[in-house]
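Everything below concerns the one structure shown next.
Everything numeric in this text was worked out from a predicted model, so none of it was measured. A note on names: the letters A, B, ... follow the listed sequences, proteins ahead of strands, and every chain is numbered from 1.
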Amino acid sequence: MAIAVSVQREAFDVAAEYAQLRRDNSADGATAMFVGSVRDFNVAQSVAHLELEHYPGMTEKVLREIAGEARQRWQLGRARIVHRFGRLDPGEDIVFVGAAAPHRQAALDACAFMMDFLKTRAPFWKKESGPDGERWVEARESDRDALRRW
Amino acid sequence: MAIAVSVQREAFDVAAEYAQLRRDNSADGATAMFVGSVRDFNVAQSVAHLELEHYPGMTEKVLREIAGEARQRWQLGRARIVHRFGRLDPGEDIVFVGAAAPHRQAALDACAFMMDFLKTRAPFWKKESGPDGERWVEARESDRDALRRW
Amino acid sequence: MIRVLFFAGLRERLQCAEVSVPASECSTLAELRSHLSERGGEWRSALADDKLQMALNRSVAEPHSAVDGGDEVAFFPPVTGG
Amino acid sequence: MIRVLFFAGLRERLQCAEVSVPASECSTLAELRSHLSERGGEWRSALADDKLQMALNRSVAEPHSAVDGGDEVAFFPPVTGG
């Protein structure tokens with residue numbers, strides 16, 4: 001499928017995602033991928049784990065819109081977004097975005113675009129648990145600023 | 001290892017490359033990867049297969065310099081480049097570049113940078129075989145132009 | 001009825017994930033928000049936060065957007081996925 | 001001796017992958033290139049191509065770069081990897 005999105009509790013498999021971007025797709029010589037993972041620290045406190053909440057139904061719709069917009073702008077053969085929810089420990093993968101295109105910069109730019117929009121538009125919320133207790137992660141100005149270039 | 005390069009005849013495994021970028025590396029929450037593959041057409045003629053020649057010794061040295069330069073510019077935790085040589089059929093992967101960083105745009109820009117420099121500096125040469133016989137692929141002006149932004 | 005959902009920190013402050021509001025109580029998202037604020041206490045203060053975002057039928061929406069029976073509305077803090 | 005390597009289309013035109021040149025024959029890459037051109041025929045025409053690149057001890061080098069015995073020099077067309 002040209003566009004695929006998944007919102008899931010389970011871990012994803014980068015090799016399987018890559019295979020889907022390439023399957024029956026010898027027209028696209030360029031494939032770019034981005035994976036976001038849980039860091040072991042965020043701002044000041046060290047993070048024991050994250051809990052990711054989302055808005056079922058809206059999340060999938062927004063991700064599909066983002067992938068569709070990227071596909072149109074850069075004439076991607078394929079675009080994929082996978083985002084996890086639920087409990088995530090440090091080092092675990094949170095999000096995968098991938099794009100296959102005839103040209104390398106299109107594939108890389110499409111990944112940057114999808115991540116920038118996902119960060120500010122997709123209804124996910126992170127709650128960090130650390131030694132000082134739980135707190136909801138604040139949205140970052142820099143993520144909103146990142147949208148301006150598109 | 002912070003930097004790793006490989007020039008090899010064998011296919012590479014995207015999942016294994018990803019695992020190396022992430023291993024013992026929970027400080028880098030952002031991992032970007034790019035894979036270049038053999039398309040089934042190039043310019044006008046359809047391609048039956050490619051033969052990739054390289055300059056053993058110099059190739060590894062240049063790739064290591066490119067990965068090292070990217071690592072310094074974007075403070076990457078990890079940078080990897082894998083490039084194949086020998087016979088490659090349509091659909092097969094040619095090159096992998098990957099970068100792990102604390103921030104997503106650093107990881108994506110580092111991949112773009114490594115590909116742009118690899119395309120114009122690493123001593124590889126492609127010969128295409130198609131229905132009309134063999135021909136050496138010409139270097140493209142657009143690849144030289146891509147360097148100007150860095 | 002209008003189905004109204006609350007997420008993340010807002011849900012926790014309100015101690016409420018979902019309410020139903022008769023469509024006759026409001027005709028726009030702004031009116032729905034005022035109507036909910038009238039519950040007072042935490043509802044008034046939490047819904048006064050001007051960073052809150054609203055969705056109507058799973059698309060981001062503005063205060064003047066019209067709402068009607070059968071609609072699904074959501075209020076939530078700025079998103080932090082990725 | 002200076003070890004001189006040729007790659008890709010250039011190697012095919014010259015029908016030669018490698019030659020050795022006495023260090024006494026030249027002191028710069030430009031002189032080495034002239035010396036090889038004197039072999040005539042395909043050597044003269046192929047080495048006249050101003051798109052050819054040169055490497056000295058596995059780093060890209062310029063015509064004025066000094067060469068000496070034990071050095072490894074390479075001539076090759078613009079690269080097309082990736």
Side-chain angles (χ1 to χ4, degrees), chain B residues 5 7 34-39 42-43 50-66 81-86 88 93-97 111-128 134-144 146-147, chain D residues 1-21 23 28-30 32-33 36 41-82:
Chain B
V5 309
V7 180
F34 177 86
V35 181
S37 316
V38 185
R39 281 189 280 174
N42 193 6
V43 194
L50 289 182
E51 192 72 34
L52 252 144
E53 179 173 336
H54 77 116
Y55 178 176
M58 179 165 171
T59 320
E60 294 81 352
K61 179 172 175 287
V62 170
L63 295 183
R64 189 166 289 277
E65 287 165 359
I66 292 169
I81 304 178
V82 182
H83 203 300
R84 295 176 67 193
F85 64 91
L88 293 166
D93 295 338
I94 303 173
V95 60
F96 172 95
V97 306
C111 285
F113 172 92
M114 288 191 283
M115 280 305 300
D116 284 353
F117 275 79
L118 186 158
K119 281 261 181 190
T120 50
R121 299 285 164 83
F124 289 98
W125 302 274
K126 285 194 189 93
K127 183 191 253 181
E128 290 178 354
E134 294 183 337
R135 68 176 193 96
W136 289 98
V137 173
E138 294 275 333
R140 292 192 310 182
E141 198 68 49
S142 63
D143 286 328
R144 283 192 292 276
L147 285 192
Chain D
M1 299 294 273
I2 299 162
R3 188 180 177 208
V4 186
L5 309 175
F6 307 101
F7 290 98
L10 178 63
R11 175 177 43 72
E12 289 187 345
R13 276 187 77 177
L14 301 179
Q15 297 183 280
C16 177
E18 180 173 345
V19 296
S20 289
V21 174
T28 66
L29 282 181
L32 172 62
R33 189 164 173 167
L36 292 166
E42 203 60 48
W43 289 78
R44 180 170 303 280
S45 55
L47 289 170
D49 182 351
D50 63 8
K51 285 193 196 140
L52 281 189
Q53 297 179 356
M54 294 176 289
L56 175 60
N57 298 325
R58 304 180 175 182
S59 292
V60 167
E62 300 300 323
H64 58 77
S65 300
V67 288
D68 205 351
D71 282 343
E72 179 178 298
V73 171
F75 292 90
F76 46 79
V79 303
T80 57

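- The contact list for residues 69-82 of chain D toward chain B, using heavy atoms and a distance under 4.5 Å, reads D:E72, D:A74, D:F76, D:P77, D:P78, D:V79, D:T80, D:G81, D:G82 by residue number.
- Distance check, rounded to the nearest 0.5 Å: CZ of B:F85 to CD of B:E51 gives 10.0 Å.
- The side-chain contact (heavy atoms from CB on, under 4.5 Å) check on B:E60 picks up B:V7, B:H54, with sequence neighbours excluded.
- Side-chain contact check for B:W125 versus B:V137: every heavy-atom pair is 4.5 Å or farther apart.
- Between B:L118 and B:V97 the shortest heavy-atom distance is CD1-CG1, 4.2 Å.
- Among residues 42-55 of chain D, the residues having any heavy atom closer than 4.5 Å to a heavy atom of chain B are, in sequence order, D:A55.
- Contacts between B:R84 and chain D at a heavy-atom distance below 4.5 Å are absent for every atom of the residue.
- Here the closest heavy-atom approach between residue D:A61 and residue D:L29 is recorded as CB-CD1, 3.5 Å.
- Rounding to the nearest 0.5 Å gives a distance of 12.0 Å between CZ of B:R135 and NZ of B:K127.
- What you find for B:T59 and B:P56 is that their closest heavy atoms are OG1-N, 4.0 Å.
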Checklist entry - Could you go step by step and tell me if B:I94 and B:L50 meet the side-chain contact (heavy atoms from CB on, under 4.5 Å) rule? => result CA-CA 10 Å; B:I94 303 173; B:L50 289 182; 4.2 Å; yes
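- Contacts with chain B (heavy atom to heavy atom, under 4.5 Å) involve these residues of residues 4-14 of chain D, listed by number: D:L5, D:F7, D:A8, D:G9, D:R11, D:E12.
- Rounded to the nearest 0.5 angstrom, B:M115 CE and B:D143 CG are separated by 8.5 Å.
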Checklist entry - Under the side-chain contact (heavy atoms from CB on, under 4.5 Å) criterion, do B:R121 and B:L147 qualify, and how do the steps go? => result CA-CA 10 Å; B:R121 299 285 164 83; B:L147 285 192; 3.6 Å; yes
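- Side-chain contact check for B:M58 versus D:V60: some heavy-atom pair is nearer than 4.5 Å.
- The nearest pair of heavy atoms linking D:L56 to D:A66 is CD2-O, 3.5 Å.
- In terms of heavy atoms, D:H64 sits closest to D:T28 at O-CG2, 3.9 Å.
- In plain terms, the two heavy atoms of B:G57 and D:R58 that are nearest each other are CA-NH1, 3.4 Å.
- For a residue to count as touching a neighbouring chain, one of its non-hydrogen atoms must lie under 4.5 Å from one of that chain's; by this rule B:K61 touches chain D with the side chain only.
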